[in-house]
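Structure first, then comments.
Owing to the predicted nature of the structure, the values given are computational and were not obtained by experimental measurement. Computed from heavy atoms alone, side chains included, the values below leave out hydrogens, waters and symmetry copies.
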Amino acid sequence: MIESEIDRDPIKQFENWWKEAIDAKIPEANAMTVATASSDGMPSARIILLKGLSEKGFIFFTNYKSYKAQQLDENPRACLVFFWKELERQVRITGILERTSNNESDSYFQSRPRASQVGAVTSPQSQVIESREWLEEQFKKISEQTENTNIQRPAHWGGYLVKPVIIEFWQGRPGRLHDRIQYTLLEDGSWKVERLAP
């Protein structure tokens with residue numbers, strides 16, 4: 001990865017790598033680690049799926065009552081990490097989060113398979129529940145109640161937009177002389193591009 005050959009806009013550079021990951025038929029190329037932290041600094045991380053990308057940033061959806069959402073309410077910052085082993089590539093995105101609009105969340109919710117819609121209504125995500133049987137009973141009950149209706153997005157479920165402030169592209173190389181290119185957002189909205197030592 002040579003500076004003269006990369007895009008000066010990190011979103012466009014991500015789109016280039018994203019296309020190559022898709023073309024390489026990497027399973028679940030949109031799987032990413034999302035790391036958050038509470039107001040007292042307690043970290044937490046999990047793998048979820050990227051569901052949208054624009055010049056504004058990266059979008060994922062979740063239950064707003066989940067543990068990750070509680071942390072984001074306290075500290076609206078996160079780090080996303082993509083790892084595409086087959087291409088020896090990693091992308092790390094540090095950003096500020098805001099909830100997507102109701103229209104965006106509604107639109108994505110309606111595009112989901114019906115079972116996923118029922119699951120979003122059914123599951124009190126991150127809460128302690130009594131058993132697997134209880135969860136399956138709730139799922140069955142809601143499935144029956146909504147059998148002939150259009151399921152509406154619950155108010156406690158929606159999206160987050162991660163607005164990046166730092167994006168690092170890592171390309172594996174022999175002898176541990178990996179490429180690391182870091183983009184840092186400046187106050188004027190432009191990006192500073194720097195090479196980091198591996």
Show your working on side-chain hydrogen bond (donor to acceptor under 3.5 Å, both in side chains) between Glu104 and Ser107 and close with a plain yes or no. CA-CA 5 Å; Glu104 288 175 286; Ser107 178; over 6 Å; no
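- Between Leu80 and Val162, the closest side-chain pair of non-hydrogen atoms falls below 4.5 Å.
- Grouping Ile, Leu, Val, Met, Phe, Trp and Tyr residues whose side-chain heavy atoms lie under 4.5 Å apart, directly or via other members, leaves Leu196 alone, with no other cluster members.
- With side-chain heavy atoms closer than 4.5 Å counting as contact, directly or through intermediates, Val81 stands alone and belongs to no larger hydrophobic cluster.
- Residues Arg180 and Glu168 have side chains in contact (heavy-atom distance under 4.5 Å, counting atoms from C-beta outward).
- Counting heavy atoms from C-beta on, the side chains of Lys65 and Pro124 never come closer than 4.5 Å.
- Arg77 pairs by the salt bridge (Lys or Arg N to Asp or Glu O under 4.0 Å) definition with nothing, not counting sequence neighbours.
- Contacts of Arg173 classified as salt bridge (Lys or Arg N to Asp or Glu O under 4.0 Å), with partners at least two apart in sequence or in another chain: Asp179.
- A side chain to side chain donor-acceptor pair (under 3.5 Å) check over residues 115-130, counting only residues at least two apart or in different chains, returns nothing.
- Contact of the Ile166 side chain with the Ile93 side chain is not registered, since no non-hydrogen atoms from C-beta on lie closer than 4.5 Å.
- Follow the hydrophobic side-chain contacts under 4.5 Å out from Tyr183 and you reach Leu53 in the same cluster.
- A heavy-atom distance below 4.5 Å is not found between the side chains of Leu161 and Phe58.
- Using a 3.5 Å distance cut-off with no hydrogens or angles, the side chains of Ser101 and Asn103 do not pair a donor with an acceptor.
- Partners of Arg153 under the side chain to side chain donor-acceptor pair (under 3.5 Å) rule, at least two apart in sequence or in another chain, are Asn102, Asp106.
- Remark: Lys51 pairs with no residue by the salt bridge (Lys or Arg N to Asp or Glu O under 4.0 Å) rule, at least two apart or across chains.
- Scored by the salt bridge (Lys or Arg N to Asp or Glu O under 4.0 Å) test, Glu136 finds Arg132 as partners (sequence neighbours excluded).
- Residue pairs meeting the ring-ring contact (aromatic ring centres under 6.0 Å, His included) criterion with at least one member in residues 100-128, sequence neighbours excluded: Phe61-Tyr108, Phe109-Trp157.
- Nearest heavy atom pair, residue Ser38 against residue Asn75, reads O-ND2, 3.9 Å.
- Put simply, the side chain of Ser131 gets close to the backbone of Trp134: a donor and an acceptor are under 3.5 Å apart.
- Listed by chain and residue number, Arg46 satisfy the side chain to side chain donor-acceptor pair (under 3.5 Å) test with Ser44 (two or more places apart in sequence, or in another chain).
- Contact annotation: the side chain of Arg8 approaches that of Val193 to within less than 4.5 Å [non-hydrogen atoms, C-beta and beyond].
- In the hydrophobic clustering, Met42 connects to Tyr67, either directly or through intervening members, whenever side-chain heavy atoms lie under 4.5 Å apart.
- At least one side-chain heavy atom of Phe139 sits less than 4.5 Å from a side-chain heavy atom of Val118.
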Only pairs under 3.5 Å count here: list side-chain donor-acceptor contacts from residues 9-27, not counting sequence neighbours, and write none if there are none.
residue, atom, partner, partner atom, Å
Asp9, OD1, Ile11, N, 2.8
Gln13, OE1, Asp7, N, 3.0
Asn16, ND2, Lys12, O, 3.4
Lys19, NZ, Asp23, OD2, 2.8
Glu20, OE1, Arg89, NH1, 2.6
Glu20, OE1, Arg89, NH2, 3.1

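- Looking at heavy atoms from C-beta onward, His178 lies in side-chain contact with Trp170 at the 4.5 angstrom threshold.
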